[in-house]
Protein chains: 2
Amino acid sequence: MLDVVNPQDGAISPAAARAADAVVKKIELRISSGELPDGAFLPAERELMLEYGISRTVVREAVARLASRGLLEARHRFRPIVRRPGYDAALSAVGGVVSHLLSQASGVKNLYDMRVFIEAALVRNAALHARKDDITALRQALAANEKAVPDSQSFYATDVAFHAVLYDIARNPVFPSLHKAFTSWLAPQWDRMLRSPERNRINYLAHRAIFDGIVDRDPDGAERALQSHLGAAWEYVRGTFLEPAREAPPNDG
Amino acid sequence: MLDVVNPQDGAISPAAARAADAVVKKIELRISSGELPDGAFLPAERELMLEYGISRTVVREAVARLASRGLLEARHRFRPIVRRPGYDAALSAVGGVVSHLLSQASGVKNLYDMRVFIEAALVRNAALHARKDDITALRQALAANEKAVPDSQSFYATDVAFHAVLYDIARNPVFPSLHKAFTSWLAPQWDRMLRSPERNRINYLAHRAIFDGIVDRDPDGAERALQSHLGAAWEYVRGTFLEPAREAPPNDG
DNA sequence: CGCCAAGTTAGGTCAGACCAAAATAGGGGT
DNA sequence: ACCCCTATTTTGGTCTGACCTAACTTGGCG
């Protein structure tokens, strides 16, 4: 009566003893204990293999595992660098998978809608809870945005920066990272959008409307302004890469 | 004298040709082309190694890479299974990194706040846009939840299910996956919470308040109910694992 | 003093082997 | 026939030792 428990490995998962796993934990510990500070080089593979009494195979697997978790930054042929992962790393870890999802038009749409949804909630939150310094930051970002209207290149930068402030106002470090993730994911599609001073001006005005809604402490107005802003932006870019329209978004169980 | 051409590659990062990378792409192609359908077993390592004329080392690295991207589901000592990644896979790919963040109390708080933020927006959305069948689903989930009040075990399940409906109403496949991710990340902390029929009843009533807000098309009321519900839940669990309170949430650049 | 070439280090890959667990085939009892 | 238990084969996980090549280091030359 062998009870090889492996039913739906729901949460615990027996996770048999993998050699690499133990090494991962040890290195993880050395990182979180500060023995391997952020930015430091990981010891050479051959060194680790002697130190832990394992083969290089296992060392390499452990390193790969840690790298995929974001604790190590392992460039090809370079010594891995220790990285204390934050929300940024967490989000960028998804990058690989997301890129796959973005290859379908529905993926872009879903992600964009998600962004709109969250950002709408953010402006609403800003309208309700923004502090003086938040308003100041927003005002400055808006001014920079206006000044950049003639130059599409810098307009894009100030555009992103303006939206970034909205994510900062929530005072949850997850949001700024999320913003970076959104922009980096959607940038490829976004870049194809033709830009012009006229178009920039329209977008700037939309930003100002959002700003006004926030300073007026009018969550509904601010949200409406943002929805219309991002909705228009979508309509403007969809034609550049979207075919009729797809169904059946990928969604696994 | 072969000159190692850095194929333009424009920028600095040579991104040299890694053998594993090429294999990754080939396998990726075989997956997306349907030759390796979702759920199929990946060929044995030794087979792949013959097929592509590479060593097993490279095969294993490629497999590991694909697994970390969610295209393969590679349990220990089992033949990898092909998985067409969806939003679920994308989110669960972050799991590893997130678990690290959750080891700090601030990480739990930030993630939980994020969840509250999003869920608040979701109930507001539900109050504004829920359709008849959404309301029906919600009502059923609520009824199941009420029925489970005496049994903490099943109450938890129906609790999660009730919240899940809120994520479904947004009609964006990202949200249900996000819900799964949230619950699986926060479950470990949540499990420590003592449960009792009395406590369950309080939570059920909170759910009903949310439901009422939605059917009354009262976004503010519904959101208020949810905020108070999740806020109370946090206060209830924080004591079980939280020390005084931490600062400096992890946040990398 | 700086630049370029030879030497050294260390990551990437390979080949072959062994172990143990999983998958499969085979045999015995009912 | 059918199922259960065991023997065999696969196959993933790990080890060893080696080689190649690109980084890194060092030292000589202009």
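Every chain is numbered from 1, with letters handed out A, B, ... down the list of sequences. All figures in this text were calculated on a predicted structure; none of them were measured in a lab.
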Margin query: Distance criterion of 3.5 Å, no angle test: do you see the side chain of B/Arg46 paired donor-to-acceptor with the base of D/dG12?
Written below: yes
Check: Side chain of B/Arg56, base of D/dG13: donor and acceptor closer than 3.5 Å?
Finding: yes
[atom1] of [X] versus [atom2] of [N]: gap in Å, rounded?
X       : N      : atom1 : atom2 : result
B/Met49 : D/dT10 : CE    : P     : 16 Å
B/Tyr52 : C/dC14 : OH    : C1'   : 19 Å
B/Leu42 : D/dT10 : CG    : C1'   : 15 Å
B/Ile54 : C/dT13 : CD1   : P     : 9 Å
B/Phe78 : C/dT24 : CZ    : P     : 12 Å
A/Glu45 : D/dG17 : CD    : P     : 17 Å
B/Leu50 : D/dT11 : CG    : P     : 11 Å
B/Ile81 : D/dG12 : CD1   : P     : 12 Å

Check: Is a side-chain donor-acceptor pair under 3.5 Å present for B/Asn172 with B/Tyr167?
Finding: no
Check: For residues A/Gln189 and A/Tyr112, is any side-chain donor paired with an opposing acceptor at under 3.5 Å?
Finding: no
Next item on the list: Give a yes or no on whether A/Phe41 atom CZ has more than 12 heavy-atom contacts from other residues, nucleotides or ligands under 6.0 Å away.
Entry: no
Next item on the list: Looking at every strand, decide which applies to A/Arg60 at a 4.0 Å heavy-atom threshold: base, sugar-phosphate, or nothing.
Entry: base
Item checked: Output field: ring centroids B/Phe175/B/Tyr87 closer than 6.0 Å -> no
Notebook entry, point to check: Does A/Glu61 pair with B/Arg60 as a salt bridge, N-O distance under 4.0 Å?
Noted result: yes
Margin query: Is there a side-chain contact between A/His76 and the phosphate of C/dG11, meaning an N or O under 4.0 Å from OP1 or OP2?
Written below: no
Check: Does A/Arg79 place a side-chain N or O at less than 4.0 Å from the phosphate oxygens OP1/OP2 of C/dA10?
Finding: yes
Could you check which of [options] has an atom nearest any side-chain atom of [X]?
X       : options                : answer
A/Glu61 : C/dC14, C/dA23, D/dT14 : D/dT14
B/Arg77 : D/dT14, C/dA22, C/dG11 : C/dA22
A/Ser55 : C/dA22, D/dG12, D/dT16 : D/dT16

